[in-house]
Structure formats: structure tokens, C-alpha cells
Undergrad: 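The following block contains the structure, expressed as C-alpha cells.
Numbered from 1 within each chain, the chains take letters A, B, ... in sequence-line order.
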Protein chains: 2
Amino acid sequence: MSRPAVKPARRADAQHNAEKILEAAVTCLSRNPDASVSDIAHAAGVGRVTLYGHFPSRADLIEAALARLLGQGDEVLERLDLTGDPREALRVLIESSWLLIAQASAVLEAAQAVLPPGRLHDLHAKPEQRVGDLIGRGQAEGAFRRDLPASWLAGVMHHIIKGAAADVADGRLDRTDAPRFIAETVLGACRPVDEERGPAGH
Amino acid sequence: MSRPAVKPARRADAQHNAEKILEAAVTCLSRNPDASVSDIAHAAGVGRVTLYGHFPSRADLIEAALARLLGQGDEVLERLDLTGDPREALRVLIESSWLLIAQASAVLEAAQAVLPPGRLHDLHAKPEQRVGDLIGRGQAEGAFRRDLPASWLAGVMHHIIKGAAADVADGRLDRTDAPRFIAETVLGACRPVDEERGPAGH
DNA sequence: GACAAGTTGAACAGGCGTGTTCGAGTTGTG
DNA sequence: CACAACTCGAACACGCCTGTTCAACTTGTC
């Protein structure tokens with residue numbers, strides 16, 4: 001290999017700016033999925049033209065931000081041990097990545113408006129799968145209720161996380177309370193129901 | 001009273017069109033909170049100018065649509081008997097008005113962008129109160145868990161309903177399954193936790 | 001049937017967001 | 001130091017949305 005890699009020799013400064021822009025995009029789009037390019041550039045402390053220098057279009061920027069976020073999420077989930085008690089595993093999962101999930105959901109919503117649906121599915125299929133698998137295992141082991149599909153329960157978790165993040169953003173919920181509330185509620189929703197609640201358990 | 005009422009003698013035709021517009025606004029804004037006036041007018045089978053003839057501005061239209069929706073909701077809740085077992089009452093409430101709540105939430109989201117925050121609170125304070133009271137009573141009677149605030153549980157219900165509506169709209173959930181899934185999940189989330197799960201019940 | 005009420009499309013002005021170009025200035029890097 | 005990489009603001013064209021006016025047309029109502 002004469003060339004060790006495709007190295008356009010990007011200046012360190014530029015690299016740093018690109019990072020700042022992506023971070024700003026995540027925070028802005030989390031607050032408002034319709035945030036304009038000007039907003040994001042301003043939040044990143046960067047001129048609008050500079051932003052376009054790094055990302056050809058708003059759609060590309062959103063896709064990059066989403067990919068970065070999902071990458072981080074996958075990384076976090078990767079080093080988590082989800083093989084123990086499903087209840088405990090789900091609690092750990094929620095408490096360690098609820099914020100990431102909330103941000104990803106928000107950016108995903110923004111992406112939905114500008115990216116082809118197929119492209120979206122490809123990006124967040126992997127992390128989605130991980131959650132689905134965990135809940136499915138919990139059902140199989142009897143730790144979670146079986147009268148509702150795992151996909152529905154996974155969706156419920158997402159909706160609650162998203163809602164909690166919105167509550168935090170609007171000041172209706174304390175940020176430090178959020179993870180406990182979410183985990184407690186989701187686990188409650190997944191708990192099995194004892195149909196026969198008479199004195200004689202089978 | 002010489003004049004029986006302030007009767008501008010609106011033509012029956014116009015009245016009917018105004019209704020069509022409001023209905024179209026609800027369906028359009030439910031699908032996309034950023035729906036344009038053109039979209040709504042077209043969905044109502046009406047010219048854009050006609051719409052402006054009925055509602056001075058987009059904001060007024062949204063406010064009218066929201067008010068109509070909340071009025072319907074309040075009406076439904078009014079004739080419901082919510083005094084019995086809180087669990088049963090909550091199930092009845094959900095199954096009879098989940099769609100209305102979902103639509104109202106969507107329109108409310110649209111309204112959030114164009115209406116002053118105070119005006120919003122006034123409009124949906126009453127129905128909100130009803131749900132909060134029911135959950136609070138359930139907690140007091142020991143039917144619902146007390147380790148989470150009633151306002152949080154009410155919010156969770158909203159988030160799940162909203163999410164379920166989105167799932168239905170996107171084809172991820174069968175419309176006929178929705179009410180059962182929602183009620184079952186919300187009731188599960190509200191169920192009290194038995195901290196001491198040893199063999200010796202109290 | 002006659003008249004007013006209502007509807008309609010075309011066309012306009014103003015605002016906002018997206019991408020693009022340009023020229024000048026700044027700063028990292030060899 | 002010197003050059004290329006990078007940044008920046010101004011300004012432009014384009015498209016979409018809002019709200020308004022106007023002149024013709026249709027339709028309800030008395």
C-alpha cells in the first residue's frame with residue numbers, strides 16, 4: 001500500500017469544527033426537529049457557509065448526526081452485560097442510555113422528513129434489535145408479560161423515554177429523576193399479570 | 001329582545017364548509033403538525049381563499065380545531081362514570097377516548113408552535129385535570145402505585161397513547177388492537193409494586 | 001326569479017429557509 | 001516564513017408558505 005489510507009490530510013481545525021457541528025445538530029434537533037441550518041451553525045459557533053463546507057446538504061448533516069448518535073448508542077450497549085436477569089438488564093440498559101435513546105429518537109424524527117424510509121431502517125435496525133431481543137428473552141423466561149407482543153413493549157419503552165425527555169426539556173420533570181421513573185415504569189409495564197388472582201395460586 | 005340573538009344569518013352551506021375544514025384540519029395536523037393551509041383546504045375539498053374566509057389565520061384555524069377536539073373529549077368524559085374501581089374506570093376512559101386523546105395531542109403539538117403558551121394551558125387544563133384526579137384517587141385507594149407521582153403516570157398514559165397512534169398511522173400496529181394494548185399497558189404500569197415479594201404475604 | 005352570500009382561481013407582496021458563489025480575511029502546517 | 005486549507009459575511013436565485021385583493025362565478029334563500 002503506497003498510500004496508508006485515503007488521507008486527504010484534513011486540518012485538525014476542520015475536524016474539530018465538524019465535531020462541533022454534529023454535536024450542535026444533535027442538541028438543536030432534539031429541541032426542535034425542524035431546526036434550520038442557520039440555527040445549527042449558530043449553535044456550533046460557526047458560519048453557515050462553513051457548515052455547508054462540511055456537509056453538502058441539510059439531509060446529509062442530519063444523516064451524519066443520526067449515524068454518530070446510533071454509533072455511540074451501539075457502543076454503549078456493546079459493553080453492557082445484558083445476559084443476566086432480564087429485569088436487571090433492562091434497568092441497566094435504560095439507566096445507561098435513556099438520554100442517548102431520547103436524542104436519537106428526536107433526530108430520527110427529523111430524519112424521517114428528509115431521508116428515504118429504507119435508509120432509516122438500515123441505520124437504527126441494529127440497536128432496535130438489541131432491545132427487542134432482550135424483551136423477547138424476558139418473555140421466554142417468564143420475567144415479562146407474554147400477552148403483549150415484544151415489539152409493542154419495546155415501542156412502549158421508546159415512547160416513555162421520548163416523553164420523559166420532552167418533560168425534562170419543558171421543565172415538567174427533574175433530569176435526575178428521569179432514569180429512575182422511566183425504568184420503574186417500564187418494568188412495571190412489562191411485569192407479568194396474574195390472571196387468576198384468587199387465593200389458590202396454581 | 002328585538003333581536004333574538006346576534007344572528008348574522010350564516011348560510012347553511014357556509015356552516016357546513018366550516019365543519020368540513022375543521023375536520024380536515026384535525027386529520028391533516030394529526031398526520032403532520034406542520035401541514036400547510038393549502039393541504040388542509042385541499043383535504044377539505046375547498047379553495048384556500050374560502051378557508052381564509054372562515055378563519056382569519058392559520059393560528060386561528062388551529063385554535064378552533066383544538067377547541068373543537070377538546071370540547072368533544074370533554075363531552076365524552078362528561079357522560080362517563082369514573083366513580084367506580086379506578087382500574088376499571090381508567091380502562092373505560094382509555095378505550096372510549098384514546099383516539100380523541102391522540103388527535104388532540106397531535107393538534108396540540110401543532111398549536112404549541114403558533115399559540116401563546118398561556119392560551120394552551122387554559123384550553124386543555126380541564127380534561128387534563130380529569131385524568132390526574134382519577135389516577136390520584138387510584139393511588140389514594142391503593143389501586144395504583146404510590147412510588148411515582150400521579151402527574152408522571154398521567155404523562156406516561158399520554159405518551160403511550162400518542163405513540164400507539166403513531167404506530168397505527170405507520171402501519172406498525174393494528175387499529176383494532178390499539179385500545180386493548182394501551183389499556184393493558186397503562187394499567188400494568190400503574191399497578192402497585194409489592195416490594196417484599198417473599199413467600200409470607202403481609 | 002332576484003339578490004345577497006358564498007366560492008373560486010389567479011396573482012401579488014412579504015417572509016423565511018436552502019444552497020450557491022464570491023472575495024477577503026485568518027490560521028494551521030510543512 | 002509561505003502556502004494551502006479553512007473560515008466568514010454578504011448577496012443571490014429559488015422555492016414554499018402566508019395572507020390579501022380582485023373579478024367572475026355559483027348557489028342558497030326570501
Undergrad: Determine whether a donor-acceptor pair (N or O, by modelled atom type, separation under 3.5 Å) exists between the side chain of B:R48 and the backbone of B:S38.
TA: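 A pair under 3.5 Å: no.
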
Undergrad: What's the separation between atom CD in A:E88 and atom CG in A:L90, rounded to the nearest 0.5 Å?
TA: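 If we round to the nearest 0.5 Å, A:E88:CD and A:L90:CG are 9.5 Å apart.
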
Undergrad: Is A:E184 paired with A:R91 through a side-chain N to carboxylate O contact shorter than 4.0 Å?
TA: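 Salt bridge flag = yes for A:E184 with A:R91.
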
Undergrad: Donor-acceptor pair, distance only, cut-off 3.5 Å: does the side chain of A:H121 make one with the backbone of A:P117?
TA: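 The answer is no, because no donor-acceptor pair under 3.5 Å joins these two groups.
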
Undergrad: Is any side-chain N of the basic residue among B:R68 and B:E19 closer than 4.0 Å to the acidic one's carboxylate O?
TA: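 Answer for the salt bridge query: yes.
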
Undergrad: With the sugar-phosphate defined as primed atoms, P, OP1 and OP2, and the base as all remaining atoms, what B/S/- string results for nucleotides 23-30 of chain D, 5' to 3', for protein heavy atoms under 4.0 Å?
TA: ----BSS-

Undergrad: Calculate the interatomic distance between B:R48 atom CZ and D:dC22 atom P; express it in whole Å.
TA: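 Roughly 16 Å, once rounded to whole Å.
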
Undergrad: Given A:I135 and A:W152, is the side-chain contact (heavy atoms from CB on, under 4.5 Å) satisfied, shown in steps?
TA: CA-CA 10 Å; A:I135 292 180; A:W152 162 258; over 6 Å; no

Undergrad: Please check: side-chain N/O of A:D85 versus main-chain N/O of A:R87, any donor-acceptor pairing under 3.5 Å?
TA: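 Judged by distance alone, yes, a pair lies under 3.5 Å.
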
Undergrad: What residues in residues 23-41 of chain A put a non-hydrogen atom under 4.0 Å from any atom of DNA chain D?
TA: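 The stretch gives none, as no residue of it lies under 4.0 Å from the strand.
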
Undergrad: Within less than 4.0 Å of OP1 or OP2 of D:dT7, is there a side-chain N or O belonging to A:N17?
TA: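 Checking A:N17 against D:dT7: at least one side-chain N or O falls below 4.0 Å of OP1 or OP2.
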
Undergrad: Would you kindly give the NE2-to-C1' distance between B:H42 and D:dC17, to the nearest whole Å?
TA: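 Whole-Å distance recorded here is 17 Å.
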
Undergrad: In residues 49-65 of chain A, which ones come under 4.0 Å of DNA chain D, going by heavy atoms?
TA: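 Result for residues 49-65 of chain A: A:V49, A:T50, A:H54, sorted by number.
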
Undergrad: Taking B:D174 for its side chain and B:T176 for its backbone only, find out whether a donor-acceptor pair lies under 3.5 Å.
TA: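 A pair under 3.5 Å: yes.
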
Undergrad: Just by modelled atom types, is the B:S36 backbone N or O under 3.5 Å from a matching donor or acceptor in the B:D39 side chain?
TA: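 Yes, B:D39 side chain to B:S36 backbone: donor-acceptor pair under 3.5 Å.
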
Undergrad: Distance-only, no hydrogens or angles: does the B:S97 side chain make a donor-acceptor pair with backbone N or O of B:I94 under 3.5 Å?
TA: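 Here the side-chain-to-backbone pair does not exist.
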
